[in-house]
Structures are given as structure tokens and as C-alpha cells.
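Treat the numbers as computed from the prediction; the structure is a model and nothing was measured.
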Amino acid sequence: MYNNRLVKIAALQLCLLLANVCYAQKSATANNPLQAQIYATIDKVYPASVLMWEIDAASGNRMSAQFSGVVVSKDGTILSAAHVVMTGKTYKVMFADGKECTAKGFGRITIPPNFMVPDAAMLKINESGPWPSAEMGWSSSLKVGQPCISIAYPESVEQRKPNVRLGKVTVLKNQYGFVESSCIMEPGDSGGPLFDMAGRVIGIHSGIQTPEDVNYEVPIDVYRKYWSALNKAENYKAMPADSDLVAKDLLITDNTVAAEADRQKKLLNKVGQQLSSNTVKIKSTVDGKEQIILGALISTEGLQIKKSIPVKQVVISKSSVIGNDPILIGHEAIKLTVIARNHKTDIVILGISQSVGKGIKLTAADEKLAALGTFLISPMVDSLPLIAVLSTNYINLPNKSGAGYIGAATALKDDKLTLNTVLPGGAAAIGGLQTGDVIEEVGGVRVEDELDFVKALRKYVAEDTVVIMGLHAGNSFRKYVVLKYPPQKLSNHPADHFAGGKSIRRDGFDKVLIQDAIVKPQQCGGPVFDSAGNFVGINLARLSRTSAVIMPALGILHHVISALN
């Protein structure tokens, strides 16, 4: 518990640090025309990208998983993918600004036997407009390498606002007739739009392969060619006989934008390499296994440090992947001291008794001012930096992967709540609980049935210690059980099988950011900067195929001040 004087010092120090804010929204675009164009495109088309799911027309109850779409006319024509839309069904439509309405499934084209080609569908909003809409482009004028933007609603993030992702066109027409792009997709994105830099829809998200850079898009020219057919409420199992003439794109497409994207990537790589000294590699042992992860080197300049903490610098990283014996790799195996851990945010603060570099000065600005689509750089220790864009502003991620798992189950036996299963090597077994034990209290809460037991554990996250009280062979006991992570469940979907996979602890965080970087779990913990070199935060977790979680700079600042004062 901090006394009032220390609280006042911390508050004053925070104010002084934030007075140095220099991270302005949409800054430095004068020397970065591609960044300016990304901002302009997002501003133009973001309102037209919608989240949908099927509902029961009578009750309004939800009937399907979520998917995405884009409104392409002011009267409410929506383009989406046929594998998520059924003719005649009713759908709830949600806009990013909070507006809601319903739509009816119209034409859809899917050809047997796999029913995935060409995967084009149309819906019509039932209520009168005008509705926010985006212009349709021409897939026939696309060029390999030209930048493109995805604005869709990935299932893993579970937000009512879409994620922004940047990529490039990689294949103009694959063996299935799809355009391919490097804009990463996952379930929930199906039916979402792919835009060119002019803010025109050039494709509709359809499917993926396991590699993150292989993403299938229904070419927008399919919708142009079969516009009349899709405007009829029919389920086509062969290409419609009636087709429309597809005019030529009047906007000249050359390689200028692609060349500018390549130039900017080289510049961002250079900035990332200059900032790489702020990234360190940490080795430790967790549950008997060697773990290697990155960390952000933080300067203590301007920070008030208690005399009882003899450190020259600190390192911030991901707590759940760092044991109690961490050392810096590449710095003659310098030992690190664990100063503080926060299981809720999965942040650890490590102390170094000597200086190993300049480190990041915590004068970062308020990320609420950062614009979606802002270029982000994650410097690496021994490879090129990861270049990405800001996908969301502040969001909260519900606790799923990080929920506390006890590795035991209960049942009523002779009206007593009894452990009927205790998994070998699980948290309950390690804590000394045994099959047949009667459970009376969990974390100070009286439990009388199986539901009580589950509900009492819900408030805990992995690595929390919970006190279990009960009876063993008639004798009272009090056990301290350190909860573990729940078993990792993988589906057969390619979205669950990308290289490196997801972080074990990847959610249960408040006020975090998302970027579209391909961050492997062992690359988490390292710092993230914007293109001007301002500290944005640290990579906290790989959430899914599309998303890496960032703990923002202000959250890091609060952790450091609380730990050192």
C-alpha cells in the first residue's frame, strides 16, 4: 500500500511525463504520402463496412455466427460472400457508428460440388436510406503489388467496430478465379470489403489458406457482371445466364502507388533497425521449460526510484512467459531481477543492475489521438522489424484464454460437493487436492453445488492463487492452488494453424490496441513505435491470425511508476 506522499509523487510524475506529448494524430504525413492516402481512404470507406448475422424474422433472435459486408449504394445494397448469406433469410446489420437495421438475403452464386465459387452474394437493407456507402472499383485493372485495405469484423476480437488491415494484391486470378491479397483474414471477416487506395471496393473476402499472406477475394467484377442476377432473390447453382456488360475502369492504374509502398517499407525498416537497440531478448524457465521472449528496454531517466530498488534500467515484457530466473541474451547473460508482476495485464517489470543501452524514455503520448491505419514498427533483435498498421483504437478483450483453470471437476455425493475428477499434473493436483475431497469454500465463497464451484472460479485468471477449504477423510484442510491456463483447443480451420500459433495468454485485457503485424508468440514483449520513433507500447500477445495485442504506452507508464515509486 502506497502512502499519500508516494501517490502524490507518482501523480505529479505522470503529469510531467504526459506534458511532453508529441504523438499527434495523423502526424508527419507531409513526408509520407502513402500514410496520408491510407488515412483518407479509411475516413472515406470506414462508415460503409458493416457487421452482420442472421436473425429470426419474428423474434429477432440471433441465428448464426457473425460475418462482414459493405454497403455499395445509398439505398442499402450490401455485397457479401455467398457462404455466409442465404437467399430470403433476415439479417441484422450493424454500422460502426452504432446504427442498426435489418436486411434480406437476395441473389447468391455458389457452384457445386464445393459451393465456394464464385462465392458472391447480395443483400438489401429493409429500411429506407440514405445509408453510408462505398464506390465499386474494377478488379480487371488491378496490378500485383498495389496496396489495398481491408475493413472487416474478425470474430476473435468481438467488437462492434471493424479492424483495419493493410496489404497488397499478390495474385490477380488464382486457380479458383479469386484475387489474392496479403490483407490477413479470419472467420468473421467473410464478406468484408477489400479497397484500393482510391477507396473503391475491389474484392470481397471469401477464404484463406494456412499461410497468413494467402487470402482469397471475390473479384468485384463478378458482382458487376452479375449485378442484375444478384438483384433477384435466387440461389444460383450455375453461373447465371443473364449477365451485364462490365465497363472499363476510367481511373488509370499504374505502379506509382506500389512503388511508393515499397519505398515507405524500406524507410520504415530503416527506422526499425535504428530503434532495435531498445529490444532485448530474455531467457528463463517456466514450468520446467526454457522460454525465450522479447522485452522493451526502458530508461529510468526522470523516474523516481525507491532506494530499495537498486537498478540502472528496467525491462518491460510479458509476465506469463518469464520465470523467476530471467537473463538477458546477448549481454553476457546479465541476470534480471523481477521487480513486479501484474497477472491481470500480463506485464512484468524487470530490473537491470547495469546499463546496457540508452532505452526508451517514457514520454509517450496519448494513443487516443492515433489514427487507424497509422504505420507501426516492431523492432526485432536479430531480424528485420515487423511493419504493420494500427487496426483498432482502445478495446477491451474478454477473458477466455487466460481464465483460471483448476484441472478438477465436482459432483454432489451424499449432498456434499465432492471432487470426482482431479487431472494429474493439473493445478488442483499440484495444490494437494485429491479425488473424494469435499469442497466447502473457494476463495472465501461458500460453495454447495457444481455451479457454485464454477462461478467461484470465474473471477480468477491463470497464475492467480485461490484458497480452497474443505474436508479430506473427515479432516479440515486449507489448500493454496495456483491456477493454470485452460487446455488450448484448435479447430480444423486454417485460421487456427498459422506459423507460430497464438499466445497461450492472449486476452482478458482492458484498454489495449490491435495491430495487424504477424507477431509470433516468442516475439511478444518487445516495443512498438510509430514511424516517427514515438513509443506506442509493447506487443503483449498474438490474439489470432489477424491480430496482435499492444499494451499502450500509457499503461506501461502506470505500471513502471507504480512498481518503482
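No donor-acceptor distance shorter than 3.5 angstrom exists from the side chain of Ser181 to the backbone of Val169, with no hydrogens or angles considered. Using modelled atom types, one side-chain atom of His497 and one backbone atom of Ser491 make a donor-acceptor pair closer than 3.5 Å. Between the side chain of Thr465 and the backbone N or O of Tyr480 there is no donor-acceptor pair closer than 3.5 Å. Side-chain atoms of Asp516 come within 3.5 Å of backbone atoms of Val389 as a donor-acceptor pair (strictly under, hydrogens ignored). Remark: side-chain polar atoms of Ser68 are not paired, donor with acceptor, to backbone N or O of Gly191 under 3.5 angstrom. Between the side chain of Asp189 and the main chain of Glu186, a donor-acceptor pair closer than 3.5 Å is present. A donor-acceptor contact shorter than 3.5 Å is absent between the side chain of Lys484 and the backbone of Ala427.
No hydrogens or angles considered: a donor-acceptor pair under 3.5 Å links the side chains of Arg341 and Ser319. No hydrogens or angles considered: a donor-acceptor pair under 3.5 Å links the side chains of Tyr216 and Gln209.
Under the 4.5 Å side-chain criterion, counting only non-hydrogen atoms from C-beta, Ile282 is in contact with Leu336. For the pair Ile406/Leu423, no side-chain contact is recorded, criterion being any heavy-atom separation below 4.5 Å from C-beta on.
Counting heavy atoms of neighbouring residues, nucleotides and ligands inside a 6.0 Å radius, atom CG of Asp287 does not exceed 12 of them.
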Show me the donor-acceptor pairs, under 3.5 Å and distance only, between side chains in residues 265-274 and residues at least two apart or in other chains.
unit_1, atom_1, unit_2, atom_2, d
Asn269, ND2, Lys265, O, 3.3

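Salt-bridge formation is not detected for the pair Asp325/Lys335: no Lys NZ or Arg NE/NH1/NH2 atom is positioned less than 4.0 Å from an Asp or Glu carboxylate oxygen. Salt-bridge formation is detected for the pair Asp496/Lys502: a Lys NZ or Arg NE/NH1/NH2 atom is positioned less than 4.0 Å from an Asp or Glu carboxylate oxygen. Classification of Lys400 and Asp507 as a salt-bridged pair fails, no side-chain N sitting under 4.0 Å from a carboxylate O.
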What verdict does the side-chain contact (heavy atoms from CB on, under 4.5 Å) test give for Ile352 and Leu328, after you've listed the backbone C-alpha separation in whole Å, the side-chain angles of each residue and the deciding distance to 0.1 Å? CA-CA 9 Å; Ile352 313 176; Leu328 280 185; 4.0 Å; yes
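Geometrically, Lys511 engages Tyr394 in a cation-pi contact, judged by NZ or CZ lying under 6.0 Å from the ring centre and within 45° of the ring axis.
The only member of Asn539, Thr392, Thr546, Thr374 that meets side chain to side chain donor-acceptor pair (under 3.5 Å) when paired with Gln515 is Asn539.
Under the side-chain hydrogen bond (donor to acceptor under 3.5 Å, both in side chains) criterion, Ser49 pairs with no residue, sequence neighbours left out.
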